[in-house]
Amino acid sequence: MGSLGKDAAGAAERVVLAVNGVRREAAGVDPSTTLLEFLRTRTPVRGPKLGCGEGGCGACVVLISKYDPATDEVTEFSASSCLTLVGSLNHCSVTTSEGIGNTRDGYHPVQQRLAGFHASQCGFCTPGMCMSIFSALVKADKPDGPAPPTGFSKLTCSEAEHAISGNLCRCTGYRPILDTCKSFAADVDLEDLGLNSFWKKGTDRADVGKLPEYSSGAVCTFPEFLKSEIKGQMNDIPAPIAGQDGWYYPKSIEELHSLFDSNWFDENLVKIVASNTGAGVYKDQDLYDKYIDIKGIPELSVIHSSNKGVEIGAAISISKAIQVFSDGTPVFRKIAGHLGKVASPFVRNTATVGGNVIMAQRLQFPSDIATVLLAAGSTVTIQTASKMLCLTMEEFLEQPPCEAKTILLSIFVPEWGSDNVIFETSRVAPRPFGNAVSYVNSAFLARTSGDGASGKLIIEDICLAFGAYGVDHASRARKVEEFLKRKSVSAPVILDAVRLLKDIIMPSEGTTHPEYRVSLAVSFLFSFLSSLGNNLIEPAKAIAPNGSCANGSMNGEVASEDLQISSRQELVFNDEYQPVGKPITKSGAELQASGEAVYVDDIPTPKDCLYGAFIYSTHPRAYIKGVNFRPSLASEKVIEVITAKDIPAGGKNVGSGIDFIGTEALFGDTVSEFAGQNVGIVIAETQKYAYMAVKQAVIEYSTENLEPPILTIEDAIKHNSYFQTPPFMAPQPVGDFEQGMSEADHKILSGEVKLESQYYFYMETQTALAIPDEDNCITVYSSTQLPEIVQNVVADCLGIPYHNVRIITRRAGGGFGGKGMKSTHVACACAVAAFKLRRPVRMYLDRKTDMIMAGGRHPMKAKYSVGFKSDGTLTALHVDLGINAGVSPDLSPMIPGATIASLKKYNWGALAFDIKLCKTNVSSKSAVRAPGDVQGSFIAEAVIEHVASVLGADTNAVRRKNLHSVESLTKFYGDAAGDAPTYSLIDIFDKLALSPEYRSRAEAVERFNGGSRWKKRGISCVPITYEVALRPTPGKVSILNDGSIAVEVGGVELGQGLYTKVNQMTAFGLRELCPDADGLLDKVRVIQADTLSLIQGSFTGGSTTSECSCEAVRQSCAVLVERLKPIKEGLEAKSGAAAPWSSLIAQAKMASVNLSAQAYWKPDPAFVKYINYGAAVSEVEIDVLTGATTILRSDLVYDCGQSLNPAVDLGQVEGAFVQGVGFFTNEDYATNADGLVVNDGTWTYKIPTVDTIPKQFNVELISSARDQKRVLSSKASGEPPLLLAASVHCAMREAIRAARKEFSANSPLTFQMDVPATMADVKELCGLDVVERHLQSLSSAAEVSTPVA
């Protein structure tokens, strides 16, 4: 048998597939090549992006189509191309975003609507979103049935919300993407959709005829040539087992065993796959030599239904299983419903039921499917090396982990009927729609009978299965089952059952949130048994989910978490500076949707290019004794390891920094200073080889004679380990604190609040491409917010003049501050490698490495003392603030000033502080959207809520009383306060918090809480101030011979709409020469940032880059107008008519007029800073049993001044708010005891998704008084709205307070609630033992009411 593969290879068929209708052969590729890698390196396709490599973000989604010649049917499904192996796609057709529409052939309606609904910002996720929506349309329009109305698909609004549930977007806040998807739904009310470019909201009628026309079937997903090829091979000799390039395709169990018996079979080098989605969870640690695809074995694809039950083959996809079970009895439909919350649509389409169960058995995967099938009494059929076995699911899970050669063939789920059978499943995860592993899952099946005498249900038999709580596999709570048999349900019975359960559910050591998981298991059992208890709990406070309408009224049918998302936008449009002020679509949005927009990793690979990946330390302070590589296939791919010794003579070991603040080393040289520090760069022929080779690296450490690392704020304070803040950046106290405290009626002397870190989660990870040039020059394409600083640091690192280094940045796939100082490390790494090897080098960090090295937001610990009057007036505040800055200064010295600036939003009377910027042995923290400001603003809210709680006063009344007057605003903010008419915060706050609607909603919340025991609501209004600074900025406008206009600015397009606003400003600036400003708009192109073309570009950040760049461009335009106006007047005097633009430019060229103008705008020294204002009301509902939070409604009012583009600013407000919601709720950027990030991927780090945004999401942009000192009276919008998300946290606190009132009279209503407030935190603050306490009280009441015999 040893020669089987070799003999068959002669007749091997190549993997042939169609990509966007073009025939492609996957010949000569590494067997481990994914579809994504194949598309991006072997075809012109660039739309699918690598966002996570785990199937967790949707950036790589494509449509895969398969053809069945027997039935002449094509089946299509979305899939993660980052997990799908190209070797498994023979005779498949792949459609990417470019394939459904592009610049050359015209855009698809999905792409046009994504642009028109302003649903693309950075654009990196947009091709994946586009394909998820397109796939949903293809799926919806497949089944037979009545045709939808013209222009619509058969998709429903509910299906639209689920269509993008697996796709992540960090920019938009999802609302406009959802509106795009809903615009295709047959049941949509188009008037409900948000701001778009197809009709003017409020004045024009919404009409499907105004939308880009959609008709199903317009895109051919499976080309005829491939059908013919497949048909042509039907009558040929059977396909051989062995394909090319290390792939094997057995068509029977016998053939599979013949492969197992061959002498080359080695489970460490051979991978058995059906879909490979498991690689998203359990990453390959080495390259595989061979792959065996078992999908072609008939027994694994069986679907057989009978009156005894349903048998499904192990290779059936989860989506197909859902379809099968959906058509069955109530038990089967419940199974289908639960499976619909596993993973995401594009993972379920390929992931197999058997693969999921095998991972649960073999690798302790916390599977929902195994738990549900266990409770349903399923059996499995497995094939071992010697025999076929049929086992119960329980027996199978309890066996030792299966050997590699053991194959799960099928799963049988018995038919339970519906008489007297009750089946319920539960799961709790950070995301309701799925795409998140459960904290705990459960499935319960009970067979009951009625007790004629009492009318109560008797439990005849019961199965209680629990999983995912930190054990090897799902298991049954048999002691509880035995206890419950033949009993009717009562409070004492449930209480005893719960006590028994708590002895069984014991998470293993190292499991996160163990007590929380135990309490969830208790909650699940309590909920289930209560439902059998014949109104055990009074109906008014029933356990069933309480419905809600967004206005706070109750609705008994729809659970809050199932409400559809709705929105409202109120904007002010300004025609004065046309086309500035118009809500035009984002520049390049359709290009982004089609996948044709070029990011750094999309730049065609230069000849002889090599790839790099970082080797990073896992110790926080240790000597690096050496780096070795394990013997492996991947280690053989190492071409070079670049370390500090490879920095050129005259260069410096510097990876980032600004001279007057401080620098950080590129390489940990001799000593690793923190876990996650780069100690070397592996260079290989492909990015995949570099990733895999790095995993083979073994670093030898020594900690001899080294002091222990400093990891926390407390450690740093203990060891006096600090960075200094330069005096000009340090905040100043206000007033006399001691005097303020002496005037206080009440004092809080020791309040505390903690805020943890947050990861950027830009969709495009850090990336750069360095190309060495002649004469010691180098060009680096960098995804950066700081091209100028990258240029300086790369030059310093290489020891060459700055003019030898050219940094080019066209766009970045998200930034949020993370493409600032952190981007320079990757650029320097590529530059050093390219300089040494004299070959181009590119790096694209995998998500895990990016998360480990990124640093993120600054953790803070604030202790405060505050004085206040009995009426709530504040008199003094002192804050002791510890800030964890990490190992190097980075941008940390700016954080104290920003924190205090936003803390000053209230009139504290007097404000004093002691700030310690702590130097620790963790990755340097850097600027994350609203750096310092979001923490300061929240600390202010924590103090205000504490004061209100002590006084027993309404929190909003205390907030309102302490908002600044114009005089106190000037006292706290100085010149930044501006003129009195521009102070809009009081009006904004009153509009929200003092409105009759707010009062009625607050009363409705109170009524709801009075009638609901297990769901509680809270509502809160939070005001914000946000100080921003203007800065010197360059701009250059050049008119070319044909009249088209090229514009350069110092800023970088990150998705914030910079280029769009600059386009508008250019047309406005030149409109004196061309009255058709809209026509002029089409002639403008903003070109990429280039540090040798436009110098002094400064940085992109601080929220004011757009307005500063616009002003620099306006000044450049003014110079051109001055030059061209005399020529225009001369032409018009001659002709007596308006001079056409083309004639004007032609004449100017003839007259040798300089058609290029550059300006370097500097703000008025008297007006460098100004303040932004806003407020938000959020209403939330928490589940007391699980800790889950649903944001029912958020109303944001933000002062945008005279918006330069209301559509862009609206997108910034919504996106920032949702990013803030992540920070305040679910984003847990956790580290281990060494400071190494452990929540390092999409499996463990959960940013908001479409199912976690507010169910009603309302935004109003108001225009405050004009201020000509600002750029056309505009204001910033990029960062300030993020602070408004504190309203969600504050509303959660109110809901928790209501729960604490309900369940424990002695629970203090003043409590510390840190950031983030995760589900586990919410549940803990409500009480981990609320169920037991409730049951105890019911049992006691029952005992009292029972007469003694």
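These numbers come from a predicted model, not from an experiment.
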Exercise. Between the side chains of S587 and T1060, does any donor sit under 3.5 Å from an acceptor?
Worked result: no

Exercise. Got a donor-acceptor contact below 3.5 angstrom from the T618 side chain to the A675 backbone?
Worked result: no

Exercise. Between the side chain of E788 and the main-chain N/O of S1098, is any donor-acceptor distance below 3.5 Å?
Worked result: yes

Exercise. Quick one: CE on M843 to OH on Y691, what's the gap to the nearest 0.5 Å?
Worked result: 9.0 Å

Problem set entry | Presence of salt bridge, R811 and E1053, under 4.0 angstrom | no

Problem set entry | Working for side-chain contact (heavy atoms from CB on, under 4.5 Å), residues V780 and L769 | CA-CA 6 Å; V780 182; L769 165 63; over 6 Å; no

For this session: Return yes if some donor-acceptor pair links the side-chain N/O of Q687 with the main-chain N/O of Y844 below 3.5 Å, else return no.
Result: yes

Problem set entry | Residue pair F629 / V638, side-chain heavy-atom distance below 4.5 Å | yes

Problem set entry | Rounded distance (nearest 0.5 Å) linking atom SG of C828 with atom NE2 of H825 | 8.0 Å

For this session: Return the set of residues passing side-chain contact (heavy atoms from CB on, under 4.5 Å) with P726 (not counting sequence neighbours), or none when no residue passes.
Result: F728, M729, P893

For this session: Using the test side chain to side chain donor-acceptor pair (under 3.5 Å), find all partners of E1279 that sit at least two apart in sequence or belong to another chain.
Result: S1103

Exercise. What do the steps show when you test E596 against R46 for side-chain contact (heavy atoms from CB on, under 4.5 Å), and what is the final call?
Worked result: CA-CA 7 Å; E596 295 168 288; R46 292 294 181 272; over 6 Å; no

Problem set entry | For S721, all residues meeting side chain to side chain donor-acceptor pair (under 3.5 Å), sequence neighbours excluded | none

For this session: Would you please test L666 and V793 for side-chain contact (heavy atoms from CB on, under 4.5 Å) and show each step?
Result: CA-CA 10 Å; L666 174 59; V793 177; over 6 Å; no

Exercise. If you take all heavy atoms of I852 and G676, which pair is closest and at what distance?
Worked result: CG2-CA, 3.6 Å

Problem set entry | Residues, nucleotides or ligands: over 12 heavy atoms within 6.0 Å of K695 NZ | yes

For this session: Would you give the length of the straight line joining atom CD1 of I771 to atom CG of D608, rounded to the nearest 0.5 angstrom?
Result: 12.0 Å

Exercise. Just checking, any donor-acceptor pair under 3.5 angstrom between side chains of S924 and E664?
Worked result: yes

Problem set entry | R810 side chain to I1087 backbone, donor-acceptor under 3.5 Å | no

Exercise. CD1 of I699 to CD1 of I624: how many Å apart, nearest 0.5 Å?
Worked result: 5.5 Å

For this session: Mark yes or no for whether Q935, through its side chain, and T899, through its backbone, hold a donor-acceptor pair below 3.5 Å.
Result: no

Problem set entry | Test: R838 cationic atom under 6.0 Å from F835 six-membered ring centre, within 45° of axis | yes

Exercise. Is there a donor-acceptor contact under 3.5 Å linking the side chains of R1085 and S1044?
Worked result: no

Exercise. Sub-3.5 Å donor-acceptor pair from the side chain of S923 to the main-chain atoms of M853, do we have one?
Worked result: yes

For this session: Taking the six-membered ring of F761 (Phe, Tyr or Trp), confirm whether the NZ or CZ of R847 is under 6.0 Å from its centre and within 45° of its axis.
Result: yes

Seminar exercise, completed: Of V1052, L1054, T809, the one forming a side-chain contact (heavy atoms from CB on, under 4.5 Å) with Q785 is L1054

Exercise. Do K586 side-chain atoms and Q121 backbone N/O form a donor-acceptor pair below 3.5 Å?
Worked result: yes

Exercise. Is a side-chain N or O of S888 found less than 3.5 angstrom from the main chain of T663, in a donor-acceptor match?
Worked result: no

Exercise. Of the non-hydrogen atoms in G856 and S757, which two are nearest, and what is the gap between them?
Worked result: C-OG, 3.7 Å

For this session: Could you walk me through whether V641 and I615 pass side-chain contact (heavy atoms from CB on, under 4.5 Å), step by step?
Result: CA-CA 9 Å; V641 177; I615 303 170; 4.2 Å; yes

Exercise. Between SG of C830 and OH of Y611, what distance do you get to the nearest 0.5 Å?
Worked result: 11.0 Å

Seminar exercise, completed: Between V600 and S782, the two heavy atoms sitting closest are CG2-C, 3.7 Å

Exercise. Does the pair D601 and T767 meet the rule for a side chain to side chain donor-acceptor pair (under 3.5 Å), with working shown?
Worked result: CA-CA 7 Å; D601 199 49; T767 181; 4.6 Å; no

For this session: Enumerate the residue pairs fulfilling side chain to side chain donor-acceptor pair (under 3.5 Å) with a member in residues 1026-1038, sequence neighbours excluded, ordered by first and then second residue.
Result: D933-Y1026, R1031-T1104, R1031-T1105, S1038-S1156

Problem set entry | Residues K925 and D890 bridged, charged N to O under 4.0 Å | no

Problem set entry | Identified side-chain hydrogen bond (donor to acceptor under 3.5 Å, both in side chains) counterpart of R806 within the set D1090, T779, T1091 | D1090

For this session: Output yes when K49 and D602 qualify as a salt bridge under the 4.0 Å nitrogen-oxygen rule, no when they do not.
Result: yes

For this session: Could you tell me whether a side-chain N or O of R170 sits under 3.5 Å from a main-chain N or O of Y760, the two making a donor and an acceptor?
Result: yes

For this session: For S120 and Q592, run side chain to side chain donor-acceptor pair (under 3.5 Å): C-alpha distance rounded to whole Å, both residues' side-chain angles, the deciding distance at 0.1 Å, then the answer.
Result: CA-CA 7 Å; S120 181; Q592 291 173 180; 2.6 Å; yes

Exercise. Do Y599 and F124 have ring centres separated by under 6.0 Å?
Worked result: yes

Exercise. Salt bridge or not for E764 and K819, using N-O below 4.0 Å?
Worked result: yes

For this session: Using only heavy-atom distances, determine whether the side chains of S1093 and E1048 contain a donor-acceptor pair under 3.5 Å.
Result: yes

For this session: Would you please test T605 and R842 for side chain to side chain donor-acceptor pair (under 3.5 Å) and show each step?
Result: CA-CA 9 Å; T605 299; R842 79 188 316 163; 3.0 Å; yes

For this session: Might you point out which heavy atoms bring A1112 and G1035 nearest each other, and give the distance in Å?
Result: CB-N, 3.6 Å

For this session: Can you run down the side chain to side chain donor-acceptor pair (under 3.5 Å) pairs that involve residues 848-859, sequence neighbours left out, and say none if there aren't any?
Result: Q758-R857, Y759-D850, Y762-D850, D846-T849, H858-S892

For this session: Consider only side-chain N and O atoms of S823 and Q766, and report whether a donor and an acceptor are under 3.5 Å apart.
Result: no

Exercise. Any chance the side chains of K1061 and Q1056 put a donor and an acceptor closer than 3.5 Å?
Worked result: no

For this session: Please confirm whether the backbone N or O of N776 pairs with a side-chain atom of N804, one donor and one acceptor, at under 3.5 Å?
Result: yes

Problem set entry | Identified side-chain contact (heavy atoms from CB on, under 4.5 Å) counterpart of I681 within the set V826, I642, T643 | I642

Problem set entry | Other residues, nucleotides, ligands: >12 heavy atoms within 6.0 Å of L1092 CG | yes

For this session: Kindly state each residue pair satisfying side chain to side chain donor-acceptor pair (under 3.5 Å) with at least one member in residues 665-678, sequence neighbours excluded.
Result: S617-S672

Exercise. How many angstroms lie between CD1 in I683 and CZ in R839, if you round to the nearest 0.5 Å?
Worked result: 10.0 Å

For this session: Flag the pair Y1229 / Y1245 as yes when their ring centroid distance falls below 6.0 Å, and as no otherwise.
Result: yes

